[in-house]
Amino acid sequence: MEVTQLNDIIKSSKNILIISHINPDGDTLGSMCGMYSLIKLNFKKKCDMLVVSKVPEKYKFIPNINLVKHIEDLDKSREYDLVINVDVAAIDRICDGKILFDKAKHTVNIDHHKTNIGYGELNFVEGDASSAAEVVYSIAKTSGWKINLDIATCLYVGLLTDTGSFRFNNTTARCLEYAAEMIKIGVLPNDMFKNCYETYTKGMALCQAYCVDKAVFLDDDKIVYTTVYKKDMEKYNTDEEFAEGLVERLRAITSTSVAFVAKEMKNGGCKISMRSKKVDVAEICGLFGGGGHKFAAGCTMKCNVEEAVKKILHEIRKHEL
Ligand code: AMP
Ligand code: MN
Ligand code: MN
């Protein structure tokens, strides 16, 4: 059984590295810190955690997140006994972390994206799981690992944020049962909600309102999108964190079938966040090298925002809305 193999590999490993994906969200960070504490508590092993871009301010409350390292803190020639990726849909989402992944003796891929091809030596990819955190928790339970409040807190963050507060269509009975178990361990749902959602500064709230205000409605309002430029964020003195929840606000409009946000990136490229009620947007994002889930997906394009919007609209319109 794969869980037994995982336990054997952890037992035989001296040095372990856990890696989260670029532009980290609550699930990848919660799963990483949760896995870190699970390994520490149950195996007393040395572990490193790697973040390949900035940790958003609001996730600084996650237990042990202060211990994360960045690629420049690590020796890139090092051969870890075991590298574990969490919530990493495709290997290019760990950027230079791939160098360490490729050198490792053993690799494990823990994820819940249907587009994940199973690039690890051991793959725990559950397309029906709400989050990578749910997969980590399931592995912990099957293995009989001890779970303390820090671990439950980390993994609850993954469940909460990837289900949009237990509202999206990935909210299953299993996900809620696990959340209930975590609450029994001592997790306080209202504290978690405040830490994850009531985090907007005035500038962030106003910038989000501005981006909703300039949204473009097309095809009987079935397609709605907005753009985010560097100059918008400068004007409101905010960073990219303001945009969390923006695309969900556009999907929440009754007429919407497909919603997306096109965000200008520092290097001139464009990041697309797409949501839908019917169309498979993972497929659309897949055409541009991205992926995700049927109703929530993303991709990063090398062209500017205007060209990206044009290409994305062209693909969306091939589908029945
Ligand atoms: P986001 O719009 O960034 O919240 O992402 C929505 C979903 O799509 C998440 O499950 C992401 O993991 C996934 N996703 C976003 N960008 C990419 C990408 N470039 N490649 C693969 N999956 C992505
Ligand atoms: Mn994620
Ligand atoms: Mn996830």
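Both counts, for ligands and for their atoms, begin at 1 and track the order of listing.
- Classification of Arg174 and Asp128 as a salt-bridged pair fails, no side-chain N sitting under 4.0 Å from a carboxylate O.
- Taking the side chain as every heavy atom from C-beta outward, Val86 and Ile18 approach each other to under 4.5 Å.
- Closest heavy-atom approach to atom 18 (C) of ligand 1 among the candidates Lys263, Glu244, Met274, Arg93: Arg93.
- Taking the ring centre of Phe101 as origin, the terminal cationic atom of Arg93 falls outside the region bounded by 6.0 Å and 45° from the ring axis.
- Contacts of His21 with ligand 1, taken as heavy-atom pairs under 4.0 Å, are absent altogether.
- With respect to atom 15 (C) of ligand 1, the closest heavy atom belonging to the protein is Gly298 CA, 3.4 Å.
- Atoms of ligand 1 found under 4.0 Å from any heavy atom of His293, numbered from 1 in the order shown, are 10 (O).
- For the pair Glu315 and Lys318, the salt-bridge criterion is met [side-chain N within less than 4.0 Å of a carboxylate O].
- A salt bridge between Lys231 and Glu234 is absent, with no side-chain N of the basic residue lying under 4.0 Å from a carboxylate O of the acidic one.
- Of all the atoms in ligand 1, the ones that sit under 4.0 Å from a non-hydrogen atom of Cys299 are 16 (N), 19 (N).
- The Lys271 neighbourhood of ligand 1 comprises atoms 3 (O), with distances under 4.0 Å to a heavy atom of that residue.
- Nearest non-hydrogen protein atom to atom 11 (C) of ligand 1 is His113 NE2, 3.9 Å.
- Residue Ser273 touches ligand 1 through backbone and side chain together, judged by heavy-atom distances below 4.0 Å.
- Annotation: atom 4 (O) of ligand 1 to nearest protein heavy atom, Arg275 NH2, 2.9 Å.
- When the options Gly286, Ala89, Ala132, Ala296 are ranked by their closest heavy atom to atom 7 (C) of ligand 1, first place goes to Ala296.
- Residues Asp280 and Lys294 are not paired through a salt bridge, judged by the lack of any N-O separation under 4.0 Å between the basic side chain and the carboxylate.
- Formation of a donor-acceptor pair under 3.5 Å by the Thr28 side chain with backbone atoms of His21 is found in this model.
- Between Asp81 and Lys14 there is no salt bridge, since no side-chain N of the basic residue sits under 4.0 Å from a carboxylate O of the acidic one.
- Protein heavy atom at the shortest distance from atom 21 (C) of ligand 1 is Gly291 N, 3.2 Å.
- Ring to ring, Tyr229 and Tyr236 are not that close: their centroids are 6.0 angstrom or more apart.
- Only protein atoms were considered; those of element N, O or S under 2.8 Å from the Mn ion (ligand 3) number 4.
- In summary, Asp92 and Lys98 do not engage in a salt bridge, as defined by a charged side-chain N under 4.0 Å from a carboxylate O.
- Listed by number with element, the atoms of ligand 1 under 4.0 angstrom from any heavy atom of Gly292 are 8 (O), 13 (C), 22 (N).
- Using a 4.0 Å cut-off between charged nitrogen and carboxylate oxygen, Lys58 and Glu241 do not count as a salt-bridge pair.
- Remark: Lys114 does not engage Glu283 in a salt bridge, criterion side-chain N to carboxylate O under 4.0 Å.
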